[in-house]
Amino acid sequence: MSLLPPEDEGDGVEVAWEDQQRINTFSKLNNRMSDIQDLLKIKNEEKEYYDDLSTELELADEDSEPILYKLGEAFFHLKLKDARRQLKSDLKRYDTEIEELEGKKGECEKGMKDLKVHLYAKFGKQINLETGP
């Protein structure tokens, strides 16, 4: 008994070992891309916070008291000049991390696209590789 409508059942193509490996690879790439997208969202939000901080530090007086700056899990008192220097370094680091994640995301998308072409060519409507909601 099939759950597919008769017009979508197709000719019952047998799934070879190589095809199963491609399906598994697609699933791994899809999961990896989902994780990367989550990380990208977090990194972009954090970078936005640093951008906001940059604006605030630009408006601060040179004679102001030391700035509480978060490094890791701890807060440190830094002079305004040192806080700006650290912020510039942190922004560069976030840009680099975001760029690396975007590259990894692109690799996953390319791999998934290649696998979709091959698997849809063999299985047609019998397989669903769409990842969107």
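Given the structure is predicted, the values throughout are model-derived calculations rather than measurements. Both backbone and side-chain heavy atoms feed into the values below; hydrogens, waters and symmetry mates do not.
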ask   = Between Asp90 and Arg93, is there a side-chain N and carboxylate O pair less than 4.0 Å apart?
value = yes
key: From Leu101 atom CG to Lys41 atom NZ, the distance as rounded to the nearest 0.5 Å   = 15.0 Å
ask   = Which value, rounded to the nearest 0.5 Å, describes the distance between Lys104 atom NZ and Gln37 atom CD?
value = 14.5 Å
request  = Flag yes if Met112 and Leu119 sit in one hydrophobic cluster, no otherwise; membership is Ile, Leu, Val, Met, Phe, Trp, Tyr, and two members link when side-chain heavy atoms are under 4.5 Å apart.
outcome  = yes
remark   = Tightest non-hydrogen contact, residues Ala60 and Arg84, listed as O-NH2, 3.7 Å
request  = Would you check, one step at a time, whether the test side chain to side chain donor-acceptor pair (under 3.5 Å) holds for Glu48 with Asn44?
outcome  = CA-CA 6 Å; Glu48 193 173 308; Asn44 281 319; over 6 Å; no
task = Identify the heavy atoms of Cys108 and Ile36 that sit nearest to each other, and give their distance.
result = SG-CD1, 4.2 Å
query = Would you say Met33 and Phe26 are hydrophobically clustered, going by side-chain heavy atoms of ILVMFWY under 4.5 Å?
reply = yes
query = Hey, are Glu62 and Lys81 close enough for a salt bridge, meaning a charged N less than 4.0 Å from a carboxylate O?
reply = no
task = Report the distance from atom OH of Tyr120 to atom CG of Leu129, rounding to the nearest 0.5 Å.
result = 4.5 Å
request  = Check step by step if salt bridge (charged side-chain N to carboxylate O under 4.0 Å, His left out) holds for Arg22 and Asp19.
outcome  = CA-CA 5 Å; Arg22 288 183 181 107; Asp19 297 323; 3.3 Å; yes
query = Do other residues, nucleotides or ligands put more than 12 heavy atoms under 6.0 Å from Gln20 CD?
reply = yes
key: Minimum-distance pair of heavy atoms, taken over all atoms of Lys43 and Glu97   = NZ-OE1, 2.9 Å
remark   = Joining Ile, Leu, Val, Met, Phe, Trp and Tyr whenever any side-chain heavy atoms lie under 4.5 Å apart, the cluster holding Leu71 also takes in Tyr50, Leu53, Leu57, Ile67, Tyr69, Phe76, Leu78, Leu80, Leu87, Leu91, Tyr94
query = Are Ile23 and Ile127 close enough that some pair of their side-chain heavy atoms sits under 4.5 Å apart?
reply = yes
query = How far does CG of Asp114 sit from OG1 of Thr25, to the nearest 0.5 angstrom?
reply = 12.0 Å
task = Indicate yes or no: does Asp35 engage Arg32 in a salt bridge with an N to O separation below 4.0 Å.
result = no
inquiry  = Quick check: do Asp52 and Glu56 have side-chain heavy atoms less than 4.5 Å from each other?
reply    = no
task = Using a strict 4.0 Å threshold on nitrogen-to-oxygen distance, state whether Lys79 and Asp82 make a salt bridge.
result = no
query = Within the side chain of Thr55, is there an N or O that forms a donor-acceptor pair under 3.5 Å with the backbone of Asp51?
reply = yes
query = How many angstroms lie between CD1 in Ile98 and CD in Glu46, if you round to the nearest 0.5 Å?
reply = 9.0 Å
request  = Flag yes if more than 12 heavy atoms outside His77 fall under 6.0 Å of its NE2 atom; otherwise flag no.
outcome  = no
inquiry  = If you define the side chain from C-beta out and look only at heavy atoms, does anything of Glu130 sit under 4.5 Å from Lys116?
reply    = yes
ask   = Are any non-hydrogen side-chain atoms of Trp17 and Gln21 less than 4.5 angstrom apart?
value = yes
